[in-house]
2 protein chains.
Amino acid sequence: MFRLAGGGSRVGESTAEPVRRVRADAQRSRDALREAAKEIFAVSGVDAPVREIAERAGVGLGTVYRHFPQRSDLVTAVFRYEIDQCAAAAPELAAAHPPIEALRLWLDRYIEFMATKRGLVAALHSGDPAFAPLPGYFDAHLRPALETLLGAAVASGQVRRDVDAKDLLVAVANLCLPAEEDAAHTRRMVSLLIDGLRYGAGH
Amino acid sequence: MFRLAGGGSRVGESTAEPVRRVRADAQRSRDALREAAKEIFAVSGVDAPVREIAERAGVGLGTVYRHFPQRSDLVTAVFRYEIDQCAAAAPELAAAHPPIEALRLWLDRYIEFMATKRGLVAALHSGDPAFAPLPGYFDAHLRPALETLLGAAVASGQVRRDVDAKDLLVAVANLCLPAEEDAAHTRRMVSLLIDGLRYGAGH
DNA sequence: CGCCAACCGGAACAAGGTTCCGATCCTACC
DNA sequence: GGTAGGATCGGAACCTTGTTCCGGTTGGCG
């Protein structure tokens with residue numbers, strides 16, 4: 001048997017693996033689906049019908065299931081993507097703002113992320129094994145992002161040292177949960193929290 | 001217009017309301033459904049199909065929806081019934097055993113109750129408004145039951161006084177959650193907890 | 001330019017919740 | 001005891017939603 005789609009490796013590319021180039025239309029479909037799912041999940045929750053997502057993405061049902069064999073794969077893909085985006089914002093903010101400000105802005109960004117997670121918490125607790133790896137992904141990506149920002153703020157003397165990044169992530173997440181509708185309230189509470197961070201700082 | 005099914009009030013019965021007598025077959029169906037649902041929920045979780053419950057109860061689908069207009073009504077009915085049964089066990093145990101023993105036995109009963117609640121916790125967190133009143137019902141019935149037992153045990157000098165009934169209910173419930181399969185483990189932990197109750201008691 | 005594997009669309013299937021309505025069965029009344 | 005009538009029953013049918021399947025289409029390479 002021949003290796004399927006072994007096309008041939010390109011110059012300057014590692015030949016260790018055949019890296020089949022994805023077709024342009026396939027990539028387009030995948031991106032459109034991710035984007036559509038993200039928007040619809042934010043509005044209707046993660047229980048939104050697959051057909052609705054397919055329609056908004058402008059693709060057929062078969063295309064959805066080609067890229068995401070199960071509904072839950074679409075959910076986790078969106079979740080991972082959003083986690084990545086949120087984590088990626090950290091170094092950008094750190095480069096553009098002073099430490100304490102970068103920290104504050106990133107937490108705003110994190111709140112925005114959590115705000116779209118209606119129903120996902122329930123899904124995580126549903127016992128569906130498809131969602132089991134998500135908490136780990138969450139911790140593996142967001143914690144280091146926050147740790148960097150927090151470390152810089154501590155080093156600059158503007159924030160006390162006895163604050164744990166994971167604690168802070170969980171605390172802010174919990175602040176987001178009850179006020180699913182009232183974003184302003186959440187922001188006030190988190191603002192309070194940030195002020196608390198500064199209490200007893202060296203500077 | 002005549003009052004529908006106003007049959008007529010009976011001697012010795014308050015005439016304040018017409019109390020339409022439920023038909024015997026209807027009552028039978030309702031009881032059979034509650035019992036069937038209880039058994040099936042315990043085995044397959046609260047997501048079990050309505051058809052399966054109807055079949056086990058030996059009734060048609062229409063009968064299910066006559067008594068429980070929505071699926072969730074069946075779930076809450078079973079939940080309420082089990083809470084009632086569990087709460088009702090408290091005075092019986094109190095009458096038949098010394099205080100500390102009654103307390104221990106009732107907590108065993110409570111554990112048994114919690115053990116069948118697989119998936120219900122997730123349902124409660126799903127945001128479905130149909131389940132919103134359940135936590136209140138839980139607190140309104142089980143807390144007084146435990147408070148009575150706890151009070152008697154304290155009064156007898158066998159249990160310390162600084163234990164709150166609600167805290168205890170939640171703590172035991174949490175002990176039940178992780179060990180969905182290993183009932184023995186849960187019982188060991190709760191046993192430990194009960195011994196803790198005696199620590200520092202007057203007697 | 002032409003091939004063909006990968007990709008696409010959507011019809012079709014499966015499962016589960018809910019509705020509907022003719023047939024049936026209690027209960028009240030005579 | 002018998003009967004009328006409305007409550008109740010059973011299950012077929014309908015709708016929504018997840019998933020599979022397959023014939024038609026197309027991007028990318030030779």
Side-chain angles (χ1 to χ4, degrees), chain A residues 1-11 13 18-33 36-37 40-41 44-76 119 123 126 128 130, chain B residues 1-11 13 18-33 36-37 40-41 44-76 119 123 126 128 130:
Chain A
M1 289 298 173
F2 299 110
R3 205 196 297 131
L4 288 180
S9 50
R10 317 162 82 70
V11 179
E13 200 171 65
V19 283
R20 133 161 89 243
R21 167 109 86 145
V22 291
R23 269 171 54 167
D25 54 348
Q27 186 63 47
R28 221 166 18 231
S29 292
R30 174 173 285 266
D31 289 345
L33 276 170
I40 286 186
F41 287 163
S44 312
V46 292
D47 288 333
V50 174
R51 281 170 177 78
E52 197 177 324
I53 295 167
E55 186 178 6
R56 171 176 272 243
V59 306
L61 256 184
T63 306
V64 180
Y65 279 89
R66 161 165 296 275
H67 292 289
F68 305 95
Q70 301 195 11
R71 222 197 103 69
S72 57
D73 293 329
L74 194 47
V75 175
T76 61
S126 71
D128 187 332
Chain B
M1 286 299 174
F2 299 110
R3 205 198 297 134
L4 289 180
S9 50
R10 316 161 83 71
V11 179
E13 201 172 66
V19 286
R20 137 157 83 242
R21 171 108 87 136
V22 291
R23 265 170 57 168
D25 54 348
Q27 187 61 49
R28 217 163 26 222
S29 292
R30 174 174 284 266
D31 290 345
L33 276 170
I40 286 186
F41 286 162
S44 312
V46 291
D47 288 332
V50 174
R51 283 170 175 78
E52 197 177 324
I53 295 168
E55 187 178 6
R56 172 176 271 243
V59 306
L61 257 185
T63 306
V64 179
Y65 280 89
R66 161 163 295 273
H67 291 289
F68 305 95
Q70 303 195 9
R71 224 196 101 68
S72 57
D73 294 329
L74 194 47
V75 175
T76 60
S126 71
D128 187 332

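Just so we're on the same page: letters track the sequence lines, and every chain starts at 1.
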B:Asp73 backbone acceptor or donor facing B:Thr76 side chain under 3.5 Å: yes
Less than 4.5 Å apart, side chain to side chain, heavy atoms only: is that true for A:Ile53 and A:Leu74? yes
Nearest to the side chain of A:Ala24 - C:dC8, D:dG28, D:dC9? D:dG28
Is any side-chain N or O of B:Thr63 closer than 4.0 Å to OP1 or OP2 of D:dG10? yes
Any A:Ser29 side-chain nitrogen or oxygen under 4.0 Å from OP1 or OP2 of C:dC7: no
Identify which nucleotide among D:dG18, D:dC9, D:dG27 has an atom closest to any side-chain atom of B:Asp25, counting heavy atoms from C-beta outward. D:dC9
Measure the distance from CZ on B:Arg28 to P on C:dC26 and round it to the nearest whole Å. 6 Å
Under 4.0 angstrom between A:Arg51 side-chain N/O and D:dT17 OP1 or OP2: no
Here the distance between atom P of C:dT24 and atom CZ of B:Arg23, to the nearest Å, is 14 Å
Protein-nucleotide distance (A:Arg21, atom CZ; C:dC7, atom C1'), rounded to Å: 16 Å
Minimum-distance pair of heavy atoms, taken over all atoms of B:Glu52 and B:Ile40: O-CD1, 3.6 Å
Starting from the 5' end of DNA chain D, give me the residue, A:Val50 or A:Gly62, whose nearest nucleotide shows up first. A:Val50
Using whole Å, what does the distance between atom C1' of nucleotide D:dG27 and atom CZ of A:Arg66 come to? 14 Å
To the nearest Å, give me how far apart CD (A:Gln70) and C1' (D:dT17) are. 15 Å
B:Arg30 CZ - D:dC9 P separation (whole Å): 10 Å
Between A:Tyr65 and D:dT19, is there a contact of a side-chain N or O with OP1 or OP2 at under 4.0 Å? yes
Minimum heavy-atom distance A:Arg30-A:His67, with the two atoms named: NH2-O, 3.4 Å
Rounded to the nearest angstrom, tell me the gap between atom CG in A:Leu61 and atom C1' in C:dG10. 7 Å
Ignoring backbone atoms, establish whether A:His67 has a side-chain N or O less than 4.0 Å from OP1 or OP2 of C:dC7. no
Taking CD in A:Glu55 as the centre, count heavy atoms belonging to other residues, nucleotides or ligands within less than 6.0 Å. Is the count above 12? no
Atom pair distance, as rounded to whole Å: CG in B:Leu74 and P in C:dT18: 11 Å
